[in-house]
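Structure first, commentary second.
Quick note: numbers below take in every heavy atom, side chains included, and nothing from hydrogens, waters or symmetry partners. Remember, it's a predicted structure, so these values are computed and weren't measured experimentally.
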Amino acid sequence: QVQLVESGGGLVQTGGSLRLSCIVSGRTLTTYAMGWFRQAPGKEREFVATIRWDGGSTYYTDSVKGRFTISRDKAKNTVFLQMNSLKPEDTAVYYCAARRIDQNAYGYWGQGTQVTVSS
């Protein structure tokens, strides 16, 4: 079992920055990939970014490339999402998730943290 706890959300003005954190516990993560997703009001949850725990390869959705950076600190079992140049359309609940690299679906999810970008 993998437990995920997000933090770092809040209210920020357009152009501002936030860093989300996700503390991971319960399992050795060498065979896992970590992801960040978001869900805006009235919209479906969408993929934002992913990182392989072992190796650190990353992938981003087009709308956040060049603005967001996903990273992980193995010693602290923590995944980060650094968000710069935030836009009102980035407003959403952000979720941390984990999946085994031999599976397509993310099987473990955090409770979410609200990010609100004011115009």
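- Using a 4.5 Å heavy-atom cutoff, the side chains of Q114 and T91 are in contact.
- Evaluation of the disulfide (SG to SG under 2.5 Å) test over residues 47-77, restricted to residues two or more places apart or in two chains, returns none.
- V24 has its side chain out of reach of T78: every pair of non-hydrogen atoms, C-beta onward, lies at least 4.5 Å apart.
- Between L20 and V115, the closest side-chain pair of non-hydrogen atoms falls below 4.5 Å.
- By the salt bridge (Lys or Arg N to Asp or Glu O under 4.0 Å) test, K74 pairs with D54, sequence neighbours left out.
- F47 places none of its side-chain heavy atoms less than 4.5 Å from the side chain of V64.
- Between D102 and Y32 the shortest side-chain heavy-atom distance does not fall below 4.5 Å.
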Give every donor-acceptor pair under 3.5 Å between a side-chain atom in residues 6-15 and any protein atom, sequence neighbours left out.
unit_1, atom_1, unit_2, atom_2, d
E6, OE1, Q111, N, 2.9
E6, OE1, Q111, NE2, 3.4
E6, OE1, G112, N, 2.9
E6, OE2, C96, N, 2.7
E6, OE2, G112, N, 3.2
T14, OG1, S118, O, 2.8

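- When all heavy atoms of W36 and V79 are compared, the pair lying nearest together is NE1-CG1, 3.6 Å.
- If you chain together hydrophobic residues whose side chains sit under 4.5 Å apart, V2 and I23 never meet in one group.
- For residues 89-108, every residue pair satisfying the ring-ring contact (aromatic ring centres under 6.0 Å, His included) rule, not counting sequence neighbours, is listed here: F37-Y106.
- Looking at residues two or more places apart in sequence or on another chain, you find a side-chain contact (heavy atoms from CB on, under 4.5 Å) between A33 and T50, R52, R99, I101.
- Using a 4.0 Å cut-off between charged nitrogen and carboxylate oxygen, K87 and D90 do not count as a salt-bridge pair.
- Between R67 atom CZ and Q82 atom CD the span is 12.0 Å, to the nearest 0.5 Å.
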(request) Show your working on side chain to side chain contact (heavy atoms under 4.5 Å, CB included) between L81 and V48 and close with a plain yes or no. (result) CA-CA 10 Å; L81 185 67; V48 175; 4.3 Å; yes

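- Using a 4.5 Å heavy-atom cutoff, the side chains of Y59 and I51 are not in contact.
- Taking OG of S21 as the start and CZ of F80 as the end, the distance is 5.0 Å to the nearest 0.5 Å.
- Residues I70 and Y60 meet the side-chain proximity criterion, which asks for heavy atoms closer than 4.5 Å.
- The structure places CG of N77 at 9.0 Å from CE of M34, a figure rounded to the nearest 0.5 Å.
- Qualifying side-chain contact (heavy atoms from CB on, under 4.5 Å) partners for K43, counting only residues two or more places apart in sequence or in other chains: A40.
- In N104, the CG atom is not crowded: 12 or fewer heavy atoms of neighbouring residues, nucleotides or ligands sit closer than 6.0 Å.
- With rounding to the nearest 0.5 angstrom, the CG atom of L18 is 4.5 Å from the CE atom of M83.
- In this structure, OG1 in T61 is found 6.0 Å from CD in E46, a value given to the nearest 0.5 Å.
- By the 4.5 Å heavy-atom criterion applied to side chains, R72 and L29 are not counted as neighbours.
- Put simply, OG on S119 and CD on E89 are 10.0 Å apart, with the number rounded to the nearest 0.5 Å.
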